[in-house]
Amino acid sequence: MIAIIDYGAGNLQSVKKALDFLGAESVITSDSKIIDSASHVILPGVGSFGDAMDSIRRGGLEDTIKRAASGDKKFLGICLGLQLLFEKSDESPGVDGLGVFKGSITTIPKDKGLKVPHMGWNSVEIKQNGGLFDGTPDNSYFYFVHSYYLADADKSIVSGVTQYGVEIQCAVERGKVAATQFHPEKSGEAGLNLLRNFIKEG
C-alpha cells in the first residue's frame with residue numbers, strides 16, 4: 001500500500017490518478033498509523049515552504065514523515081515535497097524544514113532573462129544509474145513548476161540535474177528515500193516510468 005500524505009498542500013489527486021493508472025494500490029491520508037504501516041510513502045506538495053511546514057506541524061505529522069523517510073521504506077517527495085526534506089528555504093526565513101537531507105532551498109535568480117516561476121518541460125541529466133531513473137534515457141523531459149530550487153545538496157545523493165539559468169539539483173536519492181523537484185505524475189511516459197521504479201518492492 002502506498003500512502004500519499006495529505007497535509008493540505010495540493011496535487012494529491014493527480015498523484016493518485018497516476019498510481020491508479022499504473023495499478024498501484026494507494027490511499028490519500030493524514031493518519032499516522034496508516035502512514036506508518038504503508039510499504040511506500042509519497043510526500044507531495046505545491047505552495048509555500050513555511051505554510052506547508054506549519055500545516056505539517058499543526059497536523060502532528062512531522063515525526064511521522066521523518067519516520068517514513070528514515071530509510072526503512074520507499075519514500076518519494078515531489079516538488080515542494082523535495083524542498084521540505086531539506087533544512088531551510090529562502091522562501092520562509094527562520095522556518096525549519098524536516099532536515100532529512102542536509103542543504104537549503106534558494107530562489108531562482110530573476111536576472112537571467114528567464115521567467116520565474118519556472119514552469120514547463122526541461123530535460124534532466126541523469127547522474128545515477130538505476131534507482132528512480134532506471135530505464136529512463138538521459139536528458140528525458142520532465143514537467144516543472146517552481147520558483148525555488150535545490151543547489152547545495154551533497155553531490156553523492158544528487159541523481160538528476162536540469163538547467164534554468166542556473167544548475168538545479170532536481171532529483172535526489174539515498175537508499176530507499178528519494179525526491180524530485182519536477183512532477184513525475186505530470187511528465188508523460190518518463191514520469192510514469194519513474195513512478196513504476198518507485199512502486200517496485202525492495
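The figures here come from the full heavy-atom set of this structure, side chains too, leaving out hydrogens, waters and symmetry mates.
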Just by distance, do the side chain of [X] and the backbone of [Y] share a donor-acceptor pair under 3.5 Å?
{"X": "Ser123", "Y": "Asn139", "answer": "no"}
{"X": "Tyr149", "Y": "Gln181", "answer": "no"}
{"X": "Ser37", "Y": "Lys33", "answer": "yes"}
{"X": "Ser187", "Y": "Ala190", "answer": "no"}
{"X": "Ser39", "Y": "Met1", "answer": "yes"}
{"X": "Glu173", "Y": "Leu132", "answer": "yes"}
{"X": "His183", "Y": "Glu185", "answer": "no"}
{"X": "Asn193", "Y": "Asp134", "answer": "yes"}
{"X": "Lys74", "Y": "Val41", "answer": "no"}

May I ask you to test the [X]-[Y] pair for a side-chain heavy-atom distance under 4.5 Å?
{"X": "Pro184", "Y": "Ile78", "result": "yes"}
{"X": "Ser14", "Y": "Lys186", "result": "yes"}
{"X": "Leu84", "Y": "Ile65", "result": "no"}
{"X": "Phe21", "Y": "Leu195", "result": "no"}
{"X": "Lys127", "Y": "Val172", "result": "no"}

Side chain to side chain donor-acceptor pair (under 3.5 Å) involving [X] - partner list, sequence neighbours excluded:
{"X": "Asp96", "result": "none"}
{"X": "Lys88", "result": "none"}
{"X": "Thr162", "result": "Asn122"}

Problem set entry | Pairs meeting criterion salt bridge (charged side-chain N to carboxylate O under 4.0 Å, His left out) with involvement of residues 13-22, two or more places apart |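 Listed by first then second residue: Lys16-Asp20.
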When you check the side-chain N and O atoms of [X] and [Y], is any donor under 3.5 Å from an acceptor?
{"X": "Asp36", "Y": "Thr64", "result": "no"}
{"X": "Asp31", "Y": "Thr29", "result": "no"}
{"X": "Ser159", "Y": "Gln128", "result": "no"}

Problem set entry | Test of ring centre spacing under 6.0 Å for Trp121 and Tyr141 |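 No, too far apart.
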Problem set entry | Exceeds 12 heavy-atom contacts within 6.0 angstrom, atom NZ of Lys66 |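 Buried by this count: over 12 neighbours within 6.0 Å.
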Problem set entry | Arg67 CZ to Lys73 NZ distance, which is reported to the nearest 0.5 Å |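 Reported to 0.5 Å precision, the distance equals 9.0 Å.
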For this session: Kindly compute the distance separating CZ (Phe86) from CG (Leu150), expressed to the nearest 0.5 Å.
Result: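 Separation between the atoms: 4.5 Å.
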Problem set entry | Trace of the side chain to side chain contact (heavy atoms under 4.5 Å, CB included) decision for Tyr164 with Lys115 | CA-CA 10 Å; Tyr164 192 72; Lys115 290 183 179 179; 4.0 Å; yes
Heavy atoms only: give me the nearest [X]-[Y] pair and the separation to one decimal.
{"X": "Ser48", "Y": "Leu80", "answer": "O-CD2, 3.9 Å"}
{"X": "Asp6", "Y": "Leu61", "answer": "O-CD1, 4.0 Å"}
{"X": "Asp152", "Y": "Gln169", "answer": "N-OE1, 3.3 Å"}

For this session: Go through the structure and list residues passing side-chain contact (heavy atoms from CB on, under 4.5 Å) with Glu87, not counting sequence neighbours.
Result: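 Listed in chain order: Lys102.
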Problem set entry | With sequence neighbours excluded, residues passing ring pair (Phe, Tyr, Trp, His ring centres under 6.0 Å) with Phe182 |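 Once residues adjacent in sequence are excluded, the partners of Phe182 under the ring pair (Phe, Tyr, Trp, His ring centres under 6.0 Å) criterion are Phe142, Phe144.
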